[in-house]
Amino acid sequence: MTAIRFAAPADSRALLAIYAQYIATPITFECVLPSEREFAGRIASISSCYPYIVCEEGDSIVGYAYAHRHMERQAYQWNAELSVYLDTASTSKGLGKRLYGILIRMLALQEVRNVYGCVTLPNARSEALHRSLGFRTVGTYTNAGYKNGKWHDVGWFEKSIAAYDSPPNPLVPIGSLPQDALQEIMTSAL
């Protein structure tokens with residue numbers, strides 16, 4: 001049985017096991033696997049404002065996704081960047097699309113207007129995921145990162161998820177939203 005729930009710092013070991021599958025690749029520009037303590041701190045920090053979710057099948061976490069602030073200046077508060085990581089045995093099953101969809105619906109409740117995806121190029125699966133959800137390519141950072149003995153380009157994808165009212169309401173932290181509405185989003189995606 002598949003279940004989606006919010007991540008907790010105690011999930012860091014299981015999430016690191018998934019993330020470790022990507023450390024040797026250019027999919028992440030991180031070169032050294034963080035410690036469990038550091039990763040738990042990231043989960044706590046991100047989830048204090050943005051959704052950070054995991055997908056469980058039975059007793060195992062098979063994927064996770066989260067949103068985080070896209071750029072730091074105050075005027076950017078209505079934007080969020082998305083990330084998703086799946087156990088390699090759980091890819092190409094639509095799980096990434098479901099997790100992204102959940103994040104997008106939650107972010108719309110938070111008053112976010114634009115979501116972004118950052119993809120090391122080429123990455124046909126991730127590029128297809130973004131396009132299937134209506135993201136458009138907005139640009140490429142050429143030779144943006146050096147890993148595994150070569151330079152890599154990064155593509156940026158963008159999607160508008162809400163109207164651009166003026167003035168906009170401020171960003172609402174994920175913990176301030178009605179929990180029943182968030183639970184409904186997670187269960188309706190299954």
Side-chain angles (χ1 to χ4, degrees), residues 1-23 27-28 30 33-72 76-91 93-118 126 129-130 132-133 135 157 159 161-162 169-190:
M1 175 157 183
T2 301
I4 309 290
R5 64 169 174 80
F6 285 107
D11 294 320
S12 61
R13 180 178 300 226
L15 274 54
L16 273 170
I18 293 169
Y19 192 51
Q21 298 171 36
Y22 297 94
I23 284 292
I27 289 173
T28 177
E30 196 152 24
L33 190 67
S35 70
E36 193 174 325
R37 180 181 173 149
E38 181 181 349
F39 210 76
R42 291 180 189 182
I43 294 167
S45 176
I46 291 168
S47 56
S48 69
C49 189
Y50 294 95
Y52 201 129
I53 56 176
V54 298
C55 178
E56 295 176 312
E57 289 185 0
D59 294 333
S60 299
I61 295 175
V62 297
Y64 66 97
Y66 61 93
H68 61 94
R69 186 162 183 146
H70 176 75
M71 305 178 99
E72 291 302 315
Y76 290 117
Q77 70 181 287
W78 296 277
N79 303 322
E81 185 179 335
L82 310 181
S83 294
V84 62
Y85 291 94
L86 304 175
D87 184 285
T88 55
S90 296
T91 61
K93 298 177 182 178
L95 181 56
K97 189 173 186 174
R98 279 199 321 230
L99 292 174
Y100 250 40
I102 291 168
L103 290 180
I104 290 168
R105 287 179 62 197
M106 289 180 178
L107 290 164
L109 291 178
Q110 289 185 265
E111 301 290 344
V112 168
R113 301 307 196 278
N114 300 303
V115 290
Y116 296 91
C118 177
S126 188
L129 166 69
H130 286 87
S132 74
L133 288 166
F135 283 75
F157 295 81
K159 178 181 173 105
I161 63 169
N169 292 324
L171 179 74
V172 179
I174 192 74
S176 296
L177 293 173
Q179 291 303 301
D180 57 335
L182 298 173
Q183 199 60 42
E184 157 64 24
I185 290 170
M186 288 188 280
T187 56
S188 68
L190 298 176

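When a residue number appears, it is its place in the shown sequence, counting from 1.
Taking the side chain as every heavy atom from C-beta outward, L133 and F157 never approach each other to under 4.5 Å. Counting heavy atoms from C-beta outward, M106 and I174 have side chains that approach closer than 4.5 Å. Residues L103 and V84 are not in side-chain contact: their nearest non-hydrogen atoms beyond the backbone lie 4.5 Å or more apart. Contact check for Y22 versus T88: side-chain heavy atoms found under the 4.5 Å cut-off. The side-chain heavy atoms of V112 and W78, taken from C-beta on, include no pair separated by under 4.5 Å. You'll find the side chain of M71 stays beyond 4.5 Å of the side chain of Y116, heavy atoms only.
The distance from the OG atom of S83 to the CD1 atom of I27 is 12.0 Å, given to the nearest 0.5 Å. For the atom pair CD of Q21 and OG1 of T28, the computed distance is 13.0 Å after rounding to the nearest 0.5 Å. Atom CG of L15 and atom CD1 of I61 lie 5.5 Å apart (nearest 0.5 Å). In this structure, CZ on R113 lies 9.0 Å from CD1 on I161, to the nearest 0.5 angstrom. Between C55 atom SG and L99 atom CG the span is 5.5 Å, to the nearest 0.5 Å.
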Considering only distance and modelled atom types, tabulate donor-acceptor pairs under 3.5 Å from the side chains of residues 38-51, sequence neighbours left out.
| residue | atom | partner | partner atom | Å |
| --- | --- | --- | --- | --- |
| E38 | OE2 | R42 | NH2 | 2.9 |
| R42 | NH1 | E30 | OE1 | 3.1 |
| R42 | NH1 | E30 | OE2 | 3.4 |
| R42 | NH2 | E30 | OE2 | 2.6 |
| S47 | OG | I43 | O | 2.5 |
| S48 | OG | S45 | O | 2.6 |

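Looking at Q110, its side chain does come within 3.5 Å of a backbone N or O of V172 through a donor-acceptor pair. Without hydrogens or angle criteria, Y66 side chain to V54 main chain gives no donor-acceptor distance under 3.5 Å.
Ring centroids of Y100 and H130 are separated by less than 6.0 Å, placing the two rings close together.
Atom CZ of R13 has 12 or fewer heavy atoms from other residues, nucleotides or ligands within 6.0 Å.
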Report task. Show the numbers, then the answer: is there a side chain to side chain donor-acceptor pair (under 3.5 Å) between R98 and T2? Result -> CA-CA 12 Å; R98 279 199 321 230; T2 301; 4.6 Å; no
